[in-house]
Amino acid sequence: MKIGCPKEIKPQEFRVGMTPDAVRDAVAHGHSVLVETGAGMGAGFTDADYTAAGAQIAPDAESVFADSGMIVKVKEPQAVERKRLREGQVLFTYLHLAPDPEQTRDLLDSGVTAIAYETVTDRAGGLPLLAPMSEVAGRLAPQVGAWTLQKANGGRGVLLGGVPGVLPAKVVVIGGGVVGTHAARVAAGMGADVVVLDRSLNRLRYLDDVFAGVFRNAYASGAATAAAVAEADLVIGAVLIPGAAAPKLVSRAQLATMKPGAAIVDVAIDQGGCFETSRATTHQDPIYEVDGIMHYCVANMPGAVARTSTLALGNATLPFLLALADKGWKAACADDPHLKAGLNTHAGKLTYAAVGEALGLDWISADAALAL
Ligand SMILES: NC(=O)c1ccc[n+]([C@@H]2O[C@H](COP(=O)([O-])OP(=O)(O)OC[C@H]3O[C@@H](n4cnc5c(N)ncnc54)[C@H](O)[C@@H]3O)[C@@H](O)[C@H]2O)c1
């Protein structure tokens with residue numbers, strides 16, 4: 001198959017859909033890969049790296065889209081890219097269609113077979129192509145929280161790990177899933193005094209089994225959350241209720257109970273945030289202050305570490321990408337119900353129920369699409 005990897009054009013997106021190692025594997029499987037010139041630069045991969053891996057370099061995006069049977073990207077296709085998609089072509093990327101009627105309409109009009117990273121599942125009921133980005137954002141959260149706590153950034157001037165003779169900072173992580181666990185591990189590794197709050201007893205049992213002695217955990221009742229937040233130097237928001245906006249767990253009034261200059265890192269901001277005072281920010285202007293509390297609410301945190309994020313995403317997408325290229329999308333989806341769960345559009349039909357329900361559009365099952 002001819003696989004195409006265009007340069008990402010969404011503002012501030014530096015990741016790339018395929019690493020040179022992914023290209024090498026695809027070529028070893030007998031496929032040809034067309035990479036747009038400069039596509040990997042933001043993640044530190046040169047055209048020469050791709051050429052050495054066996055890719056051909058295309059001078060522009062038009063030729064990548066025109067000449068490829070499958071397009072592999074990171075972000076949802078932008079309007080100009082959507083015009084280049086066509087029936088018979090496979091698009092493999094993050095889509096997030098439910099809140100995006102315009103993109104959904106364009107993909108349906110194009111006829112493209114679109115497989116969304118975020119709806120591919122795994123045996124454990126997880127989302128294997130979302131998890132790497134949660135791991136990145138989780139590990140980044142204490143790092144940006146530590147920076148936000150610095151005096152010059154408006155923080156209270158507290159070092160996460162303390163020093164001999166000075167107590168470490170108190171870090172509270174609300175939500176102990178993928179983001180929260182990675183955030184807690186890194187904060188503890190930096191020497192902070194860390195507690196994770198969650199409402200899932202099974203998750204708390206797991207955290208207790210695996211991380212006893214590294215960080216503490218507690219049930220996230222309203223009272224326990226309020227007490228922990230009032231004592232914290234840094235609060236990391238990491239909750240998720242699948243398919244719903246993040247619950248607001250800390251009100252504006254509660255900020256008055258916090259230490260002046262304390263910091264909030266609301267990783268859940270991409271789902272609306274779990275603090276009443278959270279609003280999405282960018283890497284250019286990541287922090288703001290409300291009632292003396294510093295807020296960091298960047299909605300695409302993994303973009304700050306584009307190289308690590310590209311490598312992590314590439315590790316997770318590669319087996320699916322190879323299955324799609326080796327077998328064709330129909331056989332690959334028929335063989336793997338988890339990949340089939342990623343099918344969102346095919347030949348002008350919406351094939352993902354939740355998107356249809358969110359947008360009030362008709363949809364058919366993925367099985368019905370396979371039978372077309
Ligand atoms: N900002 C970014 O760049 C970025 C990157 C990756 C993920 N995220 C977001 O981070 C959030 C967490 O993602 P995840 O992958 O860790 O999800 P996850 O499902 O692995 O974990 C979520 C945890 O929240 C817990 N939870 C739910 N309601 C709660 C409540 N009321 N109180 C306490 N805990 C509660 C759940 O029990 C679960 O353990 C999501 O909103 C995700 O979209 C943001």
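Start at 1 and go down the list; that is how both ligands and their atoms are numbered. By convention here, the first residue in the shown sequence is residue 1.
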Trainee: With a 4.0 Å heavy-atom cut-off (strictly under), which part of L249 contacts ligand 1: side chain, backbone, both or neither?
Mentor: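 The answer is the side chain.
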
Trainee: Kindly indicate whether the side chain of V172, heavy atoms from C-beta on, has any atom under 4.5 Å from the side chain of L234.
Mentor: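 Result no, sub-4.5 Å side-chain heavy-atom pair not found.
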
Trainee: Short list, please: which atoms of ligand 1 are under 4.0 Å from a heavy atom of S200?
Mentor: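 Here the atoms of ligand 1 in question are 37 (O).
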
Trainee: Considering only heavy atoms, does A268 approach ligand 1 within less than 4.0 Å through its side chain, its backbone, both, or neither?
Mentor: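 Both the backbone and the side chain of A268 come within reach of ligand 1.
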
Trainee: Between R24 and D21, does any side-chain N to carboxylate O distance fall below 4.0 Å?
Mentor: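 Here R24 pairs with D21 in a salt bridge, since their nearest N and O are under 4.0 Å apart.
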
Trainee: What closest approach, in Å, do A306 and A43 show between heavy atoms, and which atom pair accounts for it?
Mentor: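 In terms of heavy atoms, the two residues are closest at O-CB, 4.1 Å.
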
Trainee: Between I269 and ligand 1, does any nitrogen or oxygen pair lie at a separation below 3.5 Å?
Mentor: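 No.
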
Trainee: Using every non-hydrogen atom in the two residues, find where R203 and V178 come nearest and quote the distance to one decimal.
Mentor: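 In terms of heavy atoms, the two residues are closest at NH2-N, 4.5 Å.
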
Trainee: Taking N or O atoms only and a 3.5 Å limit, does M133 qualify as a polar contact for ligand 1?
Mentor: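 Such a contact does not occur with ligand 1.
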
Trainee: Relative to the heavy atoms of Q271, which atoms of ligand 1 are at a distance of less than 4.0 Å?
Mentor: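 It comes down to these atoms of ligand 1: 41 (O), 43 (O).
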
Trainee: Counting only heavy atoms closer than 4.0 Å, does ligand 1 sit against the backbone of S134, its side chain, both, or neither?
Mentor: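 Contact part for S134 vs ligand 1: both backbone and side chain.
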
Trainee: For N344, does its backbone N or O pair with a side-chain atom of T351 as donor and acceptor, under 3.5 Å?
Mentor: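 Yes; at least one donor-acceptor contact below 3.5 Å.
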
Trainee: I'd like to check which ligand 1 atoms, numbered from 1 as shown, lie under 4.0 Å from a non-hydrogen atom of V298.
Mentor: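 Per the distance check, 1 (N).
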
Trainee: Considering only non-hydrogen protein atoms, determine which one is nearest to atom 21 (O) of ligand 1 and report residue, atom name and distance to 0.1 Å.
Mentor: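 For atom 21 (O) of ligand 1, the nearest protein heavy atom is G177 CA, 3.2 Å.
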
Trainee: Under a 3.5 Å threshold, yes or no: a donor from one side chain and an acceptor from the other, between Q12 and Q284?
Mentor: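 On atom types as modelled, these side chains qualify, holding a pair under 3.5 Å.
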
Trainee: Do ligand 1 and R203 have nitrogen or oxygen atoms that lie under 3.5 Å from each other?
Mentor: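 No: no nitrogen or oxygen of R203 is under 3.5 Å from one in ligand 1.
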
Trainee: Can you report which non-hydrogen protein atom sits closest to atom 1 (N) of ligand 1, along with the distance?
Mentor: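 For atom 1 (N) of ligand 1, the nearest protein heavy atom comes out as V267 O, 3.0 Å.
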
Trainee: With sequence neighbours left out, what residues match L318 under side chain to side chain contact (heavy atoms under 4.5 Å, CB included)?
Mentor: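 Applying side chain to side chain contact (heavy atoms under 4.5 Å, CB included) to L318 gives A22, D25, L322.
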
Trainee: Which ligand 1 atoms, with their elements, are less than 4.0 angstrom from a heavy-atom of P302?
Mentor: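 Taking each heavy atom of P302 in turn, ligand 1 has 3 (O) under 4.0 Å.
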
Trainee: Among protein heavy atoms, which lies nearest atom 19 (O) of ligand 1, and at what distance?
Mentor: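 The answer is L240 CD2, 3.6 Å.
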
Trainee: Please classify the D270 to ligand 1 contact at 4.0 Å (heavy-atom distances, strictly less than): side chain, backbone, both or neither.
Mentor: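 Just the side chain.
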
Trainee: Given L207, V239, L201, which one has a non-hydrogen atom that is nearest to atom 29 (C) of ligand 1?
Mentor: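 Shortest heavy-atom distance from atom 29 (C) of ligand 1: V239.
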
Trainee: Which atoms from ligand 1 have a heavy atom of A220 less than 4.0 Å away?
Mentor: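 Within the 4.0 Å cut-off of A220, ligand 1 contributes 32 (N), 33 (C).
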
Trainee: Considering residues, nucleotides and ligands other than K349, do more than 12 of their heavy atoms fall under 6.0 Å from its NZ?
Mentor: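 Check fails, neighbour count at 12 or below.
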
Trainee: Find out whether the Lys NZ or Arg CZ of R307 is both under 6.0 angstrom from the six-membered ring centre of F45 and within 45° of the ring's axis.
Mentor: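 Yes, a cation-pi geometry holds between R307 and F45.
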
Trainee: Using 0.5 Å steps for rounding, measure from the CD1 atom of I264 to the OH atom of Y288.
Mentor: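 Taking CD1 in I264 and OH in Y288, the distance rounds to 8.0 Å.
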
Trainee: Which bit of T225 is near ligand 1, meaning a heavy atom under 4.0 Å away: side chain, backbone, both or neither?
Mentor: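 Neither; no heavy atom under 4.0 Å.
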
Trainee: Using a strict cut-off of less than 4.0 Å between a Lys/Arg side-chain nitrogen and an Asp/Glu carboxylate oxygen, indicate whether D106 and K83 qualify as a salt bridge.
Mentor: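 Judged by the 4.0 Å cut-off on N to carboxylate O distance, D106 and K83 do not form a salt bridge.
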
Trainee: Any N/O of P247 closer than 3.5 Å to an N/O of ligand 1?
Mentor: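 No; every N/O pair is 3.5 Å or more apart.
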
Trainee: Where the closest heavy atom to atom 25 (C) of ligand 1 is concerned, which of L140, T181, D198 has it?
Mentor: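 Nearest option to atom 25 (C) of ligand 1, by heavy atoms: D198.
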
Trainee: Looking only at distance, does V179 have an N or O less than 3.5 Å from an N or O of ligand 1?
Mentor: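 Checking ligand 1 against V179, an N or O pair does fall under 3.5 Å apart.
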
Trainee: Would A299 count as a polar contact of ligand 1, with the cut-off being nitrogen or oxygen pairs under 3.5 Å?
Mentor: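 Checking ligand 1 against A299, an N or O pair does fall under 3.5 Å apart.
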
Trainee: May I ask you to identify the nearest protein heavy atom to atom 3 (O) of ligand 1, giving residue, atom name and distance to one decimal place in Å?
Mentor: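 That would be M301 N, 2.7 Å.
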
Trainee: Residues in side chain to side chain contact (heavy atoms under 4.5 Å, CB included) with T225, at least two apart?
Mentor: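 Residues passing side chain to side chain contact (heavy atoms under 4.5 Å, CB included) with T225: I174, L197, A220, V229.
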
Trainee: Can you find a pair of side-chain heavy atoms, one from R82 and one from E102, that are under 4.5 Å apart?
Mentor: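 The answer is yes, as the side chains (C-beta and beyond) meet within the 4.5 Å cut-off.
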
